[in-house]
There are 2 protein chains.
Amino acid sequence: MADVAHLAGVSSQTVSRVSNGSQGVVEETRQRVLAAMKELGYRPNSAARALKAGEFRTLGVILFTLSTTGNVRTLEAITESAAMEGYAITLMPVAVPTQTGLHGAFTRLGELAVDGIIAIMEVHLLDAATISLPPHIQVVVADSDAGDRYSVVDTDQSEGARMAVRHLIDLGHDTVWHLTGPEGSFAAQRRADAWQRVLQQANRTVPPLVRGDWSAKSGYEAGLWLADQPGCTAVFAANDQMALGLLRALHERGKRVPQDVSVVGFDDIADASDFIPPLTTVHQDFGEVGRLCVQGVLRQIRNQAADQGTTLVPTRLVLRDSTAAPPDRRAR
Amino acid sequence: MADVAHLAGVSSQTVSRVSNGSQGVVEETRQRVLAAMKELGYRPNSAARALKAGEFRTLGVILFTLSTTGNVRTLEAITESAAMEGYAITLMPVAVPTQTGLHGAFTRLGELAVDGIIAIMEVHLLDAATISLPPHIQVVVADSDAGDRYSVVDTDQSEGARMAVRHLIDLGHDTVWHLTGPEGSFAAQRRADAWQRVLQQANRTVPPLVRGDWSAKSGYEAGLWLADQPGCTAVFAANDQMALGLLRALHERGKRVPQDVSVVGFDDIADASDFIPPLTTVHQDFGEVGRLCVQGVLRQIRNQAADQGTTLVPTRLVLRDSTAAPPDRRAR
DNA sequence: CCCGTCGATGTTTACGTAAACATCAGCCAC
DNA sequence: GTGGCTGATGTTTACGTAAACATCGACGGG
């Protein structure tokens, strides 16, 4: 900067004014400074700027994995929204979802150059970990349960699951089986709770819960078992990947979808419309979740105060070809 | 820091020494300083550190989209490797893959707090854009063509495609059709080139190239057309998503896979083993690509010199259930 | 017993920027 | 014409850290 000032024959302060587009620089001087900048290849040093300004214009995103569609799409939306607000995104994945690993990641994030943090994970994992966060760092949580300590943004899991189960009941199925996610996942828990509630309200028997781990493989294994259960004509899978494995298992066991068994998924991943058959599923608006997260942290940063409470993003049921009336109904 | 120093009754330099774990601080003093840090909730200011050190310990990753498996998995590996080296990752997605958009993104990245950049994109898109990069910023490119200007790390596309096509020929297919990616994609181009070369070397007729855009939908549309082509018993799809759509189209047209038509994909995405049928595909080691990218930039940063040339990461063919001998062979 | 040495700690300084304040020239009103 | 005002530019300073150098006390060898 000093070199630029020297070359342009002005003070460094004037260079600063030009580089920040402030008023009060006469056009001719401005041009001379710009020329000098160009000639010397000058770039403002963002560390010095951050030091002076006391803010980094950067948000940290902490998450466990990039291997789930939801995380990735939320991240993508976060990055876009942040860019529009002039904020960059620093990624901080936690390899091992243990409290120790998490604690370490948060410590590092605390030392990092971020003004706020968006955590894509469940609050209960966050609780013990955030003690190491500096107090002025604002946090918003995505993909989690109720926000009594943090501001939480999440898909309306219950609503989505209710729509899925009701759709199957409305088609005439006596009851609906449920392939849930891993234990300890609040998303899985809420979907399962809603599933059970809808069945009970409709006075249907509640079949045993079938547990998977979100992976297609676990869906396949569950499907092999479900194919042998008499009276199983409708399955609500807690995500699309498990539904994919389920479809394969049913196909291999000679069960036709949707003629013999109806399947509904959750997420509406890009490929769901090209499953065999195209999958009826609950669409999650990850983009909206991401946008709300960014708006949330930025609001907190500007107010210097933490919000609380949960914002739910609505879902919608996408009807494709994996659901139909049950076989007995069709026979009538 | 001054507050901590005051509380602990030492100088700020001693606090600095403690916070950096340098030698030459007596244990008792150290404990006193640590206690003061804890009491005051002291965090080192990374902007000041970066300003002093002249480096940010951060790498920028620039990419077009997070909606392709390859990009995401490369990014994940990059982040992990970087974390192990003590570097953080700043994400810089470019919404529109135009030179203008790219130029803007690079300008912003240049102003950002990064020591190096990993670009997940093709060199020809990079060429005009990097002029706005400050000269001391090191660049490594992933997922691209030959590196005569930059250091490039890529999957060995040709080898993978060769293995796929040879596998089908070895099974007894007269020729192999190819469903390629969008025009302008070097990855697609190299896979298509290798496909054609293998066929020519084996003295087979080269069927017309079928073009898709990487999406399952485009694979589905191509599949509807391919199902009507007489003598089409083997298709090599340039990625797994298009293969998924292809499988659906073939299924809907009553073509059995692999009995009537064999299909090979490329990527080995997580779900490929649960397609109907489980997909034979070329496995890309995105993790290795990411690791090599990080090692590459860090080496360049340490040497203060740009490397050149291309590093190719080997692929392997994963045999599953979507390939078999052609119908006529089986009939014999 | 004194001096040299070494280890622990303190003091000074610079990193690059921008806010706050200072200066200076030109212009207008009286 | 002169004083006050405005706008353009320069000067000083501080942001938080850590390297370089300075200081001080203790310990050991001659």
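Here is how names work: the chains are called A, B, and so on, in the same order as the sequence lines, proteins then strands, and each is numbered from 1. Small disclaimer: the values here were computed from a predicted structure and weren't measured.
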Side-chain contact test, heavy atoms from C-beta onward, threshold under 4.5 Å: evaluate it for [X] versus [Y] and give yes or no.
| X | Y | answer |
| --- | --- | --- |
| B:Val61 | B:Leu75 | yes |
| B:Val153 | B:Thr310 | no |
| B:Val313 | B:Asp154 | no |
| B:Pro44 | B:Arg49 | yes |

Discussion item. With a 4.0 Å cutoff (strictly under), does any side-chain N or O of A:Asn20 reach OP1 or OP2 of C:dA18?
Written reply: yes

Worksheet item: So, is A:Arg49 near the phosphate of C:dA18, with a side-chain N or O under 4.0 Å from OP1 or OP2?
Response: yes

Worksheet item: Between the axis at one end of the helix from C:dC1-D:dG30 to C:dC30-D:dG1 and the axis at the other (five pairs apiece), what's the angle to 10 degrees?
Response: 50°

Using whole Å, what does the distance between atom [atom2] of nucleotide [N] and atom [atom1] of [X] come to?
| X | N | atom1 | atom2 | answer |
| --- | --- | --- | --- | --- |
| B:Glu55 | C:dC15 | CD | C1' | 13 Å |
| A:Glu28 | D:dT9 | CD | C1' | 13 Å |
| B:Met37 | D:dT17 | CE | P | 9 Å |
| B:Gln31 | C:dA8 | CD | P | 15 Å |
| B:Arg57 | D:dA18 | CZ | P | 13 Å |
| B:Asn45 | D:dA14 | CG | P | 17 Å |
| A:Met1 | D:dG10 | CE | C1' | 12 Å |
| B:His6 | C:dG10 | NE2 | C1' | 16 Å |

Worksheet item: Thinking salt bridges, do A:Glu76 and A:Arg73 make one under a 4.0 Å N-O criterion?
Response: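 So A:Glu76 does not pair with A:Arg73 through a salt bridge.
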
Worksheet entry | Salt bridge present between B:Glu55 and B:Arg57 (N-O < 4.0 angstrom) |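 Salt bridge present between B:Glu55 and B:Arg57.
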
Worksheet item: So does A:Arg43 reach the base of C:dG16 with its side chain, donor to acceptor, closer than 3.5 Å?
Response: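 Answer is no: no donor-acceptor pair is held.
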
Practice prompt. Measure across A:Asp115 and A:Phe56 and return the closest heavy-atom pair with its distance rounded to 0.1 Å.
Written response: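 Reported closest heavy-atom pair: OD1-N, 2.9 Å.
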
Discussion item. If I compare all heavy atoms of A:Ser81 with all of A:Arg291, which pair ends up nearest, and what's the gap?
Written reply: OG-CG, 3.1 Å

Worksheet item: Taking for each residue the nucleotide of DNA chain C with the nearest heavy atom, is it B:Arg17 or B:Ala48 whose nucleotide lies nearer the 5' end?
Response: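 Its nearest nucleotide lies further toward 5', so the answer is B:Arg17.
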
Worksheet item: Is there a residue in residues 7-16 of chain A whose heavy atoms reach under 4.0 Å of DNA chain C, and which residues are they?
Response: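 Heavy-atom cutoff 4.0 Å gives A:Gln13, A:Ser16.
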
Side chain of [X] only, heavy atoms from C-beta on: which candidate in [options] is closest?
| X | options | value |
| --- | --- | --- |
| A:Leu51 | C:dA18, D:dT17, D:dG16 | D:dG16 |
| B:Lys52 | C:dG16, D:dT17, C:dT9 | D:dT17 |
| A:Ser19 | D:dA19, C:dT9, C:dA18 | C:dA18 |

Discussion item. Among residues at least two apart in sequence or on other chains, which ones pass side-chain hydrogen bond (donor to acceptor under 3.5 Å, both in side chains) with B:Asp307?
Written reply: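 Here the qualifying residues are B:Arg299.
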
Item to complete: Quick one: do A:Gln308 and A:Tyr150 satisfy side-chain contact (heavy atoms from CB on, under 4.5 Å)? Show the steps, please.
Response: CA-CA 5 Å; A:Gln308 278 186 4; A:Tyr150 303 101; over 6 Å; no

